[in-house]
Amino acid sequence: MPIRYARSLTGQARTPIANRHLGVVLAFIAGAINAGGFLAVQQYTSHMTGIVSGMADNLVIGEFTLVWAGLGAVLAFLLGAICTSLMTHYSQRRGLQSEYAWPLLLEAALLLCFGFLGARLAEIDGFYVPLTVLLLCFIMGLQNALITKVSRAEIRTTHITGIVTDLGIELGKLFYWNRNRNDEVPRVIADNRRLWLLGLLGFYFFLGGVTGALGFKHMGYISTVPLAIVLVLLASVPVLDDALNVLRRWLGRNVQ
């Protein structure tokens, strides 16, 4: 991966093209984590709507243990989003180039933990929930908050509902017949660039899901290691840039 391209994907300076490319990569990774994670923990860990709905159902039928399990998953997702917000604001206030890189490095580290220790973590219950479930929900919250901040809420990668909804809106514009030619009435026109992006996000989420499911089926927990490596490659350049800047300042002070 060329250094300049990697820097554009996760560096502080943002462009619409970089946001779209990063979104597609993260959609693939989210799909892989979701599908592979389901085979590991029998639960989709980014689907907060389903989890909260399940909590309501279980509360009514008296399955209180499952209510606590759902609450634990939601809190883990929430904590992941909070962690991204804290990390990006800390970096932003200090003018670091790695503002958006550190959450990805943390995600990579947690995926490595899941890959190498997943089988053991699955045996540990925390707040009525296996630690693997909490870990994956935290990762999904971390990633979803990051791409939301990077794209100013234009792109989502960890769940498909918003993508399909936005895709339907743009397709509705595309198929709309502008019968009235009155210039005073704005024409209904689809945003072809956004339409293409939404289609790519949905496709790569699905492709990632297939890849993740196949990987876990044939390799087990270790199948998340390649995903972690991709995240490290994405995030490493801005972090190295900051490290070199710190080193230059330190050398400058010592020379003087």
Side-chain angles (χ1 to χ4, degrees), residues 1-37 45-46 80-81 83-92 94-116 135-136 138-159 163 197-198 200-212 215 222-246:
M1 182 185 295
I3 292 178
R4 182 176 297 179
Y5 180 66
R7 183 180 290 116
S8 72
L9 287 182
T10 56
Q12 187 182 50
R14 307 305 308 164
T15 65
I17 292 177
N19 289 345
R20 290 195 291 269
H21 288 189
L22 179 62
V24 167
V25 174
L26 293 183
F28 178 89
I29 291 174
I33 294 172
N34 260 300
T45 51
S46 71
C83 186
T84 287
S85 182
L86 291 172
M87 294 174 78
T88 55
H89 283 103
Y90 178 88
S91 301
Q92 187 180 55
R94 282 154 184 79
L96 300 179
Q97 298 298 316
S98 54
E99 176 182 350
Y100 302 116
W102 282 109
L104 292 181
L105 284 181
L106 177 57
E107 181 178 351
L110 294 176
L111 281 177
L112 287 175
C113 290
F114 181 80
F116 289 115
L135 181 62
L136 291 177
F138 182 89
I139 289 172
M140 290 291 93
L142 192 78
Q143 180 177 311
N144 200 46
L146 174 67
I147 195 62
T148 299
K149 287 182 68 64
V150 163
S151 68
R152 299 183 183 274
E154 181 185 4
I155 299 173
R156 297 285 197 278
T157 60
T158 62
H159 54 277
I163 294 174
L197 171 62
L198 293 167
L200 281 178
L201 290 172
F203 172 76
Y204 275 93
F205 187 94
F206 176 76
L207 184 62
V210 173
T211 303
I222 204 72
S223 62
T224 59
V225 172
L227 302 177
I229 292 173
V230 171
L231 290 172
V232 170
L233 291 175
L234 286 174
S236 58
V237 174
V239 173
L240 290 175
D241 286 342
D242 284 335
L244 289 174
N245 287 335
V246 170

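The chain is numbered in sequence order, starting from 1.
With values rounded to the nearest 0.5 angstrom, Ile139 atom CD1 is found 5.0 Å from Leu110 atom CG. Interatomic distance, CD1 of Ile3 versus OG of Ser236, reported as 8.5 Å (0.5 Å rounding). Taking CG of Leu233 as the start and CG of Leu231 as the end, the distance is 9.0 Å to the nearest 0.5 Å. Note that OG1 of Thr84 is 11.0 Å distant from NE2 of His89, once rounded to the nearest 0.5 Å. Interatomic distance, Leu136 CG to Leu111 CG, rounded to the nearest 0.5 Å: 8.0 Å.
In this view, Val246 and Arg249 satisfy the side chain to side chain contact (heavy atoms under 4.5 Å, CB included) rule, not counting sequence neighbours. Shown here are the ring-ring contact (aromatic ring centres under 6.0 Å, His included) partners of Phe114, two or more places apart in sequence or in another chain: Tyr221. Checked against salt bridge (Lys or Arg N to Asp or Glu O under 4.0 Å), Asp242 has no partners two or more places apart in sequence or in another chain. For Arg156, the salt bridge (Lys or Arg N to Asp or Glu O under 4.0 Å) criterion is met by no residue, not counting sequence neighbours.
Listed here is the closest heavy atom pair of Gln12 and Leu96: NE2-O, 3.4 Å. Minimum interatomic distance between Gly23 and Thr157 (heavy atoms only, all atoms of both residues): O-CG2, 3.4 Å. In terms of heavy atoms, Ile155 sits closest to Asn19 at CD1-O, 3.5 Å. Smallest separation of non-hydrogen atoms from Leu142 and Pro103: CD2-O, 3.3 Å. The minimum heavy-atom distance between Trp102 and Ser91, with the atom names listed, is CD1-OG, 4.1 Å. Here the shortest heavy-atom pairing between Thr10 and Pro238 reads OG1-CG, 3.3 Å.
Side-chain contact between Asp241 and Ser98 is absent, with no heavy atoms from C-beta onward closer than 4.5 Å. Using a 4.5 Å heavy-atom threshold, the side chains of Phe205 and Ile29 count as separate. A 4.5 Å side-chain heavy-atom check between Val225 and Leu112 finds at least one atom pair inside the cut-off. The shortest distance between side-chain heavy atoms of Met140 and Asn34 falls below 4.5 Å. The closest side-chain heavy-atom distance from Leu104 to Tyr100 is not below 4.5 Å.
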Could you give me the CA-CA distance, side-chain angles and deciding distance for Asn144 and Ser46, then say whether side chain to side chain contact (heavy atoms under 4.5 Å, CB included) is met? CA-CA 9 Å; Asn144 200 46; Ser46 71; over 6 Å; no

When you look at Val25 and Val230, which way does the side chain to side chain contact (heavy atoms under 4.5 Å, CB included) test go after all the steps? CA-CA 9 Å; Val25 174; Val230 171; 4.2 Å; yes

Given Ile33 and Phe28, is the side chain to side chain contact (heavy atoms under 4.5 Å, CB included) satisfied, shown in steps? CA-CA 9 Å; Ile33 294 172; Phe28 178 89; over 6 Å; no

How far apart are the C-alpha atoms of Val237 and Arg4, what are their side-chain angles, what is the distance that settles it, and do they pass the side chain to side chain contact (heavy atoms under 4.5 Å, CB included) test? CA-CA 9 Å; Val237 174; Arg4 182 176 297 179; over 6 Å; no

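Judged by distance alone, the side chain of Thr88 and the main-chain N or O of Ser85 form a donor-acceptor pair under 3.5 Å. At least one donor-acceptor pair closer than 3.5 Å links the side chain of Thr15 to the backbone N or O of Ala18. Between the side chain of Glu107 and the main chain of Gln143, no donor-acceptor pair closer than 3.5 Å is present.
Here salt bridge (Lys or Arg N to Asp or Glu O under 4.0 Å) pairs that include residues 11-33, with residues two or more places apart or in two chains, number zero. Every pair tested for ring pair (Phe, Tyr, Trp, His ring centres under 6.0 Å) that includes a residue from residues 223-245 fails, sequence neighbours excluded, so the list is empty.
A cation-pi geometry, defined here as NZ or CZ lying under 6.0 Å from the six-membered ring centre and within 45° of its normal, does not hold between Arg7 and Tyr5.
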